[in-house]
Each structure stands twice: as structure tokens, then as C-alpha cells.
K.L.:
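Take a look at the following structure, please.
Reckoned from all heavy atoms, side chains included, excluding hydrogens, waters and symmetry mates. Every value quoted in this text rests on a predicted model; they were computed, and no experiment measured them.
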Amino acid sequence: MTLMHIVPGLDEEASEKAIAILQNRLSHEQEAALVLKHAHWNVTGPDFIAVHEMLDPQVAEVLAQADETAERIATLGGSPLGRADDVVASRTWKRFALSGRKSTKEYLQALIEYYNDMIADDRNAIAQLDNLDIVSSNIIQDHVQQLEKFQWFMRSHLE
């Protein structure tokens with residue numbers, strides 16, 4: 001990879017490794033926004049409006065996370081890849097399989113599982129980034145905190 005520049009205090013190798021980790025996280029964040037919007041459009045049942053309205057702020061926040069991740073990649077001298085085929089090419093996580101009009105319970109259970117994987121992958125990224133670039137690690141740590149909160153909202157609907 002050819003870097004546009006290297007930020008002070010990091011070397012090229014650390015920057016390239018951090019960018020690769022961040023690109024994977026960016027792709028997952030972009031896909032998560034699409035998955036959440038898909039659920040927003042397709043939830044049904046007695047709790048429809050509560051879940052429908054709960055998901056839009058999550059879409060907005062996950063898109064904001066993606067923007068922050070992409071900007072960090074650019075800050076590190078990389079070029080963030082944000083096209084649909086880039087997301088698919090970067091996928092290392094399970095595909096969200098639930099489709100069509102389903103109950104809020106089915107969508108919430110599937111989204112909780114999706115967040116389980118995303119949070120675990122983010123935590124793995126944090127562990128790697130801690131040794132490469134603490135600033136990038138801190139960004140992903142903030143993202144995890146928000147995702148865990150969103151997951152808590154979903155679990156609370158099912159209790």
C-alpha cells in the first residue's frame with residue numbers, strides 16, 4: 001500500500017497494519033448501517049413502532065462511526081474504501097441472513113447476534129491497535145461502548 005503521508009510518531013509498517021484493521025472495521029460499520037435500516041423497514045408486530053423508531057438513531061450513529069473510521073484511515077495516509085463491493089470484499093464476519101417481513105422479536109434476536117459478532121471483532125481490533133496506534137484503538141473503543149448500549153436496548157425489548 002502506498003501511503004500519502006505518515007503521521008508523526010508512527011512508522012510505515014504500523015500505519016499500514018492499523019489502516020488494514022480500520023478498513024475491516026469500516027466495512028463492517030457500513031454493512032451494519034444497511035442491516036439496521038433493513039430491519040427498520042421490515043419489523044412487524046405489536047412492538048413495531050417502538051423498534052422501528054429505535055433503529056433509526058442506531059443507523060445514524062453507526063454511519064457516524066463509519067465516517068470517523070474512514071477519516072482516521074485518511075489521517076493515517078490511507079485511502080478509505082467505501083463502495084459496496086469493498087464492503088463485501090472486506091467481510092470476515094457472518095452475513096446477516098434474516099430477510100423479509102418478520103416479527104420484532106425475530107429481528108431483535110438476529111440483530112443482537114449481529115452485534116455480538118461486531119463487538120467481538122471490534123474488541124479484537126482494539127487489542128491489535130493498542131500495540132500499533134493508541135488513537136485508532138481509542139476510536140474503536142468508543143464505537144464498542146455505543147454498540148454495547150444499542151445491544152442493551154435491544155435485549156431490554158426482549159426481556
K.L.:
Do Leu34 and Leu81 belong together in a cluster built from hydrophobic side chains that touch within less than 4.5 Å?
P.N.:
no
K.L.:
I want to check something: taking the side chain as every heavy atom from C-beta on, are Ile139 and Leu22 in contact at a cut-off of under 4.5 Å?
P.N.:
no
K.L.:
Spell out, as yes or no, whether a donor-acceptor pair under 3.5 Å connects the side chain of Gln146 to the backbone of Glu61.
P.N.:
no
K.L.:
Would you say Lys102 has more than 12 foreign heavy atoms packed within less than 6.0 Å of its NZ?
P.N.:
yes
K.L.:
Kindly say whether Tyr115 contributes a backbone atom to a donor-acceptor pair with the side chain of Gln151 at under 3.5 angstrom?
P.N.:
no
K.L.:
Applying the 4.5 Å side-chain criterion to the ILVMFWY set and letting contacts propagate, would Phe150 and Leu98 be lumped into a single cluster?
P.N.:
yes
K.L.:
Do Leu147 and Trp152 have side chains that approach each other closer than 4.5 Å (heavy atoms only, starting at C-beta)?
P.N.:
no
K.L.:
Hey, mind stepping through Lys37 and Asp56 against salt bridge (Lys or Arg N to Asp or Glu O under 4.0 Å) and telling me if it holds?
P.N.:
CA-CA 7 Å; Lys37 199 61 171 179; Asp56 261 346; 2.6 Å; yes
K.L.:
Measuring only between side-chain heavy atoms, which start at C-beta, is Leu36 closer than 4.5 Å to His40?
P.N.:
no
K.L.:
Side-chain contact, heavy-atom cut-off 4.5 Å: Leu3 with Ile6?
P.N.:
yes
K.L.:
Can you check whether Ile140 reaches Ile21 side chain to side chain, under 4.5 Å on heavy atoms?
P.N.:
no
K.L.:
Is there side-chain contact between Leu129 and Ile134, with heavy atoms separated by less than 4.5 Å?
P.N.:
no
K.L.:
Please check: side-chain N/O of Glu106 versus main-chain N/O of Ser103, any donor-acceptor pairing under 3.5 Å?
P.N.:
yes
K.L.:
Between Asp47 and Ala50, is there a donor-acceptor pair closer than 3.5 Å when you use the side chain of the first and the backbone of the second?
P.N.:
no
K.L.:
Any idea how Phe96 and His38 line up, ring-wise: parallel (<30°), tilted (30 to 60°), or perpendicular (>60°)?
P.N.:
perpendicular
K.L.:
What closest approach, in Å, do Asp121 and Trp93 show between heavy atoms, and which atom pair accounts for it?
P.N.:
OD2-CB, 3.7 Å
K.L.:
Is a side-chain N or O of Asp67 found less than 3.5 angstrom from the main chain of Ala64, in a donor-acceptor match?
P.N.:
no
K.L.:
With a 4.5 Å heavy-atom cut-off, do Met54 and Leu108 have their side chains touching?
P.N.:
yes
K.L.:
Does either side chain, that of Gln65 or that of Thr69, offer a donor lying less than 3.5 Å from an acceptor on the other one?
P.N.:
no
K.L.:
Scan Val51, Leu111, Thr104 and name whichever one has a side-chain contact (heavy atoms from CB on, under 4.5 Å) with Met154.
P.N.:
Leu111
K.L.:
Any donor and acceptor pair, going by atom type alone, linking the side chain of Ser90 with main-chain N or O of Asp86 inside 3.5 Å?
P.N.:
yes
K.L.:
Cluster question for you: counting only ILVMFWY and a side-chain heavy-atom cut-off of under 4.5 Å, with indirect links fine, are Ile49 and Leu158 together?
P.N.:
yes
K.L.:
To check you understand the geometry: which heavy-atom pair defines the closest contact between Ile73 and Pro80, and what is its length?
P.N.:
CG2-N, 3.7 Å
K.L.:
Indicate yes or no: at least one non-hydrogen side-chain atom of Gln141 is less than 4.5 angstrom from one of Asn138.
P.N.:
yes
K.L.:
Should Val87 and Met118 be counted in the same cluster of Ile, Leu, Val, Met, Phe, Trp and Tyr side chains packed under 4.5 Å apart?
P.N.:
no
K.L.:
Going by side-chain hydrogen bond (donor to acceptor under 3.5 Å, both in side chains), name the pairs with one or both residues in residues 15-24, residues two or more places apart or in two chains.
P.N.:
Glu13-Lys17, Gln23-Ser27, Asn24-Thr92
K.L.:
Can a donor-acceptor pair be found between the side chains of Glu31 and Tyr114 at a distance below 3.5 Å?
P.N.:
yes
K.L.:
Apply side chain to side chain donor-acceptor pair (under 3.5 Å) to Glu148 and list each qualifying residue two or more places apart in sequence or on a separate chain.
P.N.:
Arg123
K.L.:
Working to the nearest 0.5 angstrom, can you tell me the gap between His143 NE2 and Glu29 CD?
P.N.:
5.5 Å
K.L.:
About how many Å separate OG1 of Thr75 and CG of Asp133, when rounded to the nearest 0.5 Å?
P.N.:
10.0 Å
K.L.:
Do you know which two heavy atoms are closest between Gly77 and Ile19, and how far apart they sit?
P.N.:
C-CD1, 4.3 Å
K.L.:
Does His28 use its side chain to pair, donor to acceptor, with the backbone of Asp117 at less than 3.5 Å?
P.N.:
no
K.L.:
Check Asn42 against Gly100 and note the closest heavy-atom contact, atom names and distance.
P.N.:
CB-O, 3.3 Å
K.L.:
Ignoring hydrogens and geometry beyond distance, is a side-chain donor-acceptor pair present between Arg72 and Ser136 at under 3.5 Å?
P.N.:
yes
K.L.:
Please give me the minimum heavy-atom distance between Val62 and Ala33, naming the atom from each residue.
P.N.:
CG1-N, 3.8 Å
K.L.:
How long is the straight-line distance from CH2 of Trp41 back to OH of Tyr107, given to the nearest 0.5 Å?
P.N.:
11.0 Å
K.L.:
Can you measure from CZ (Arg155) to CD (Gln109) and round to the nearest 0.5 angstrom?
P.N.:
13.0 Å
K.L.:
For the atom pair CZ (Arg25) and CD (Gln30), what is the distance rounded to the nearest 0.5 Å?
P.N.:
11.5 Å
